[in-house]
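One-based numbering, in listed order, for ligands and for the atoms of each.
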Amino acid sequence: MNTLTKMALGLMGQLKARPARGTTAQSLALAPPGRAGGVPLMQALWQRQSQREFGTQPLSEPVLGELVWAAAGVNRPSLGGRTAPSAMNSQEVDVFVALPSGLYRYDPEAHALRLEVHSDVRGITGYQDFTDEAALDLVFVADHRRMALVPASQREAYAFAAAGAMAQNVYLYCASQGLATVIRAWIDRQALGQAMDLGADQQVLLAQTVGYPKQVPAER
Ligand SMILES: Cc1cc2nc3c(=O)[nH]c(=O)nc-3n(C[C@H](O)[C@H](O)[C@H](O)COP(=O)(O)O)c2cc1C
């Protein structure tokens, strides 16, 4: 769906999720992340960029597992520490994964995806048309209930900062794996919050599309 149509439907309160496609599971165990592989960090930094042309192929299971682990995984199990920082270690940002088969929430402790909504919400994660068909869209959602120790006036800013750190982890993982990605704030937050069935304490922060780069046909 093109951007203008999305904007018009959003204004009318009619921007809705599509029916889920493919096999939907209540819970998806993910392959454990590797401890090696990818390109050196300096090379990934040289290659980091936003891309907005995506192929439609799904990510392989190992890549999906490493992608969400890069965003928010547990990297120090004895402490429950995560790959991305959070103010006072509040760990207030959840990573949702919008796939054709449904909307899942990443459970870092179990390293698994939990089904939240049995619909394809990819197209509602942003006004740009590529969100509809790229392999997946991540949505970073703050849960304000976990920020009791943070002064109320700072909660939103801290949560955005934490989501930004997660997004940069995803950028570097994508650079390392030859995946395309773009972080996005241009979102109909009301439509997305409704489609995701979020509660009053949950706030959509940012979204990030991830997929294989679109193959450009070879010139003859
Ligand atoms: C907070 C934030 C919000 C952004 N929102 C969008 C967006 O809604 N759509 C989009 O295509 N790009 C978005 N971007 C990506 C920027 O346009 C991109 O990072 C910038 O043009 C620099 O390009 P680069 O990432 O390739 O260096 C956003 C970036 C940030 C940091």
Side-chain angles (χ1 to χ4, degrees), residues 1-11 15 17 38-56 59 67-68 70-72 83-87 90 92-99 103 120-144 147 150 153-196 198 202-216:
M1 192 190 302
N2 68 37
T3 297
L4 279 179
T5 310
K6 287 192 191 197
M7 291 175 81
L9 287 174
L11 283 173
L15 190 55
V39 303
L41 176 62
M42 290 307 289
Q43 200 177 327
L45 285 164
W46 279 104
Q47 288 168 2
R48 189 220 64 86
Q49 61 180 300
S50 298
Q51 288 175 269
R52 296 177 184 79
E53 294 198 24
F54 297 87
T56 56
L59 301 194
L67 178 84
V68 290
T83 54
S86 58
S90 303
E92 74 276 23
V93 179
D94 288 317
V95 179
F96 287 73
V97 185
L99 292 166
L103 175 74
D120 178 1
V121 306
R122 288 175 299 164
I124 310 178
T125 66
Y127 285 112
Q128 289 157 290
D129 53 5
F130 57 74
T131 67
D132 299 17
E133 300 303 335
L136 63 87
D137 294 286
L138 303 175
V139 185
F140 301 102
V141 174
D143 188 331
H144 285 259
M147 287 191 280
V150 176
S153 62
Q154 301 297 319
R155 286 179 192 160
E156 185 168 318
Y158 287 6
F160 269 101
M166 292 174 164
Q168 180 71 352
N169 285 0
V170 169
Y171 264 111
L172 292 175
Y173 180 73
C174 288
S176 164
Q177 295 292 322
L179 295 168
T181 191
V182 61
I183 183 77
R184 297 180 288 96
W186 192 31
I187 302 166
D188 183 332
R189 285 152 201 283
Q190 197 179 347
L192 182 56
Q194 274 171 12
M196 293 177 73
L198 296 182
Q202 291 175 294
Q203 179 188 9
V204 171
L205 301 168
L206 295 165
Q208 187 164 14
T209 306
V210 178
Y212 292 101
K214 191 171 195 166
Q215 297 295 326
V216 181

Backbone N/O of Gln128 and side chain of Lys6: donor-acceptor pair under 3.5 Å: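 The answer is yes, because a donor-acceptor pair under 3.5 Å joins these two groups.
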Audit row: Arg155, Phe160, side-chain contact (heavy atoms from CB on, under 4.5 Å) steps and yes/no: CA-CA 9 Å; Arg155 286 179 192 160; Phe160 269 101; over 6 Å; no
Sequence neighbours excluded - side chain to side chain donor-acceptor pair (under 3.5 Å) pairs with any residue from residues 40-52: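 Those involving residues 40-52 are Ser50-Tyr171.
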Sub-4.0 Å heavy-atom environment of ligand 1, residues by chain: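 For ligand 1, the contacting residues are Arg48, Gln49, Ser50, Arg52, Gln128, Val182, Ile183, Arg184, Ala185, Trp186.
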No-hydrogen, no-angle side-chain donor-acceptor test under 3.5 Å, Gln202 and His144: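 No, because no side-chain N or O of Gln202 sits under 3.5 Å from a partner of the opposite role on His144.
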Thr181: side chain to side chain donor-acceptor pair (under 3.5 Å) partners, not counting sequence neighbours: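 In terms of side chain to side chain donor-acceptor pair (under 3.5 Å), with neighbours along the sequence ignored, Thr181 is linked to Gln208.
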For Ala135, all residues meeting side-chain contact (heavy atoms from CB on, under 4.5 Å), sequence neighbours excluded: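 Testing Ala135 for side-chain contact (heavy atoms from CB on, under 4.5 Å), a comparison that skips the adjacent residues, returns Leu59.
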